[in-house]
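The sequence lines fix the lettering, A, B, ..., with proteins before strands; numbering per chain opens at 1.
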2 protein chains.
Amino acid sequence: MKDTNERKLLSEEREQLILQALGDGARTIGELSQELGVSEATVRRDLQSLEKQGKARRIHGGAIRVQFPRTEPIFTEKATLHAREKQLIARRALDCIDDNDTIYLDGGSTILALARMLTSKQGLTIVTNSIMAAAELMESEHRLILLGGEFRALSRTLVGPLTAKIVSSLYIDKAFMGTIGFTVEDGISTTDANEAYTKELIMRRAKRVFVLMDSSKFGAPSLVVSGSLNDIDAIITDDAISSQAIKQLKKKKIDVIFPEMPSGKRANRET
Amino acid sequence: MKDTNERKLLSEEREQLILQALGDGARTIGELSQELGVSEATVRRDLQSLEKQGKARRIHGGAIRVQFPRTEPIFTEKATLHAREKQLIARRALDCIDDNDTIYLDGGSTILALARMLTSKQGLTIVTNSIMAAAELMESEHRLILLGGEFRALSRTLVGPLTAKIVSSLYIDKAFMGTIGFTVEDGISTTDANEAYTKELIMRRAKRVFVLMDSSKFGAPSLVVSGSLNDIDAIITDDAISSQAIKQLKKKKIDVIFPEMPSGKRANRET
DNA sequence: AAAATAACTTCATATTCTTGCAAAATATGT
DNA sequence: ACATATTTTGCAAGAATATGAAGTTATTTT
């Protein structure tokens, strides 16, 4: 996959990408230089900076990740990936919300972007299991309800059996779900069983379920399946998914919604 | 174009839009300038302002959103009042906690101070209804469980009937409670009925209940009484309370615990 | 030890930042 | 309503920074 996003990256973005690349083991300077589209000298400088921050360790010919990634790399790292698509998807989802709705916000960075936009609505009742979304909405005028439950650090959400206690006494108009993986056969899937369980409960409980995901999730299942395709009413995604997949989804009566493209282009047919 | 809103924007509106555009990732000055329809110089000034507010971080060529907004006007304000006493009280409470305990943390700045100290313990299961405490403990190794419920902005806690669902399925060794007011007749009291209700549930459910408060709370009732004196096992407070009050409390079999004074002095007789 | 590869240094170039200033917009006082 | 402050915005020149290329030095491999 080549990123058609040929915008010049900021140094910190590059560093994030490098850390991510290092996640799969060690990398050589040459590889990194090519992947990032910058000169080897620049890669060396970035690595120097990362080493000073204690996030990576240099070795001859390349670099490896430091043993204990002490901070919360997972959340912030994932966040920067496909940031623009996520922004557009969230923007589209915003249009699906009416004033005074009762909505549910799932975890994940796309949903978080949506949360940040909710200041433009009025009188919402917002239910969420995402600490990040809650932190974002603390100052808002909306009514905010947090699911309780066990805190899962990786996703910063509340999950597990305890959430069921509260979910079962709520009624939700529209649920906005994120996901790690998705297939046309099984619907959404995630890495953690507790997380999957909570998602499932919510989807059963919501009148209308929207799944927000960038097209990279498509066709890539994760460990634990959550609910089924029948639980999903609509998918909001960017336009890089195959027209075949769209057909299959429509056959299952699932709406596929695309964001407004800023420059008006809509290049749907693909590889 | 989605933003055909050609009205001239106020700087604050622009800053809001910038934050939104930043999303999780980063943006270059050029992008922002174009998206907002203002010059790059203006974008820089806006970013400068956002950085001062702690909401964004500038980097060469653009800006990155800061993960967790720092400022909490309500909270920091109250926190500075009697800060030293609160610190000492929290310190003393810490000694009451053993490794592997299951503890409950209530809202309030004193308890928050305690939360920050918990890194020195191991293997705790921490139950809380305080978003601030949860945010503080996200990075820790402890097991963290949040009560669900309705978010109350003033105290930044989760309160109300929904919390009951989860509380009733938990068992807590030691509960550390804050309070707004206290009298020897009725025990702790607070301004909000939902808040009082949740406190009451917890105290009923905990094996041992500690109330942390500086002496200014003494003899000053608030609106809604929460539970009764019988629910309380110990009070941790500074030494500016009357010896008469101590006697009364001891008669009710409530321990009164004082912090270690840094200089070793213990001047208990008072005005 | 020689060859090959990688790392460091220096420098030229291209962006980006800062700063001061002027024009425009907005607020304020009479 | 008018005139005067104050603030906001855009522009431009010099300062600062980032990047890439070339050449030199260090490290690894054979």
Does a donor on one side chain sit under 3.5 Å from an acceptor on the other, for [X] and [Y]?
| X | Y | result |
| --- | --- | --- |
| Asp192(A) | Thr190(A) | no |
| Thr119(A) | Gln16(B) | no |
| Ser109(A) | Lys86(A) | yes |
| Arg14(A) | Ser11(A) | no |
| Thr157(A) | Ser155(A) | yes |

Open item on the list: Tell me whether the side-chain N/O atoms of Thr42(B) come closer than 4.0 Å to OP1 or OP2 in dG10(D).
Closed with: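 It does, given that an N or O in the side chain of Thr42(B) lies less than 4.0 Å from OP1 or OP2 of dG10(D).
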Task: Inter-axis angle, terminal five-pair segments of the helix from dA1(C)-dT30(D) to dT30(C)-dA1(D) [nearest 10°] - done: 40°
Task: Nucleotide of dC8(C), dG10(D), dG20(D) approaching Arg58(A) most closely (side-chain heavy atoms) - done: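 Of all the options, the side chain of Arg58(A) is nearest to dC8(C).
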Mind calculating the distance between [atom1] ([X]) and [atom2] ([N]) to the nearest angstrom?
| X | N | atom1 | atom2 | answer |
| --- | --- | --- | --- | --- |
| Arg44(A) | dA18(D) | CZ | P | 18 Å |
| Gln34(A) | dG20(D) | CD | P | 14 Å |
| Glu40(A) | dT5(C) | CD | C1' | 11 Å |
| Glu12(A) | dA18(D) | CD | C1' | 14 Å |
| Arg14(B) | dT8(D) | CZ | P | 9 Å |
| Leu36(A) | dT19(D) | CG | P | 11 Å |
| Arg45(A) | dG20(D) | CZ | P | 8 Å |
| Ile59(B) | dT15(C) | CD1 | P | 18 Å |

TODO: Give one of base, sugar-phosphate or nothing for Gly62(A), where a contact means two heavy atoms less than 4.0 Å apart.
DONE: sugar-phosphate
- [ ] Would you mind telling me which residue lines up with the more 5' stretch of DNA chain D, Val43(B) or His60(B), judged by nearest nucleotide?
- [x] Val43(B)
- [ ] Test salt bridge (charged side-chain N to carboxylate O under 4.0 Å, His left out) on Arg156(B) and Glu139(A) and set out the steps.
- [x] CA-CA 10 Å; Arg156(B) 309 214 157 160; Glu139(A) 320 275 352; 3.4 Å; yes
Open item on the list: With heavy-atom distances below 4.5 Å as the criterion, would you say the side chains of Asp255(A) and Asp233(A) are in contact?
Closed with: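 The answer is no; the side chains never approach within 4.5 Å.
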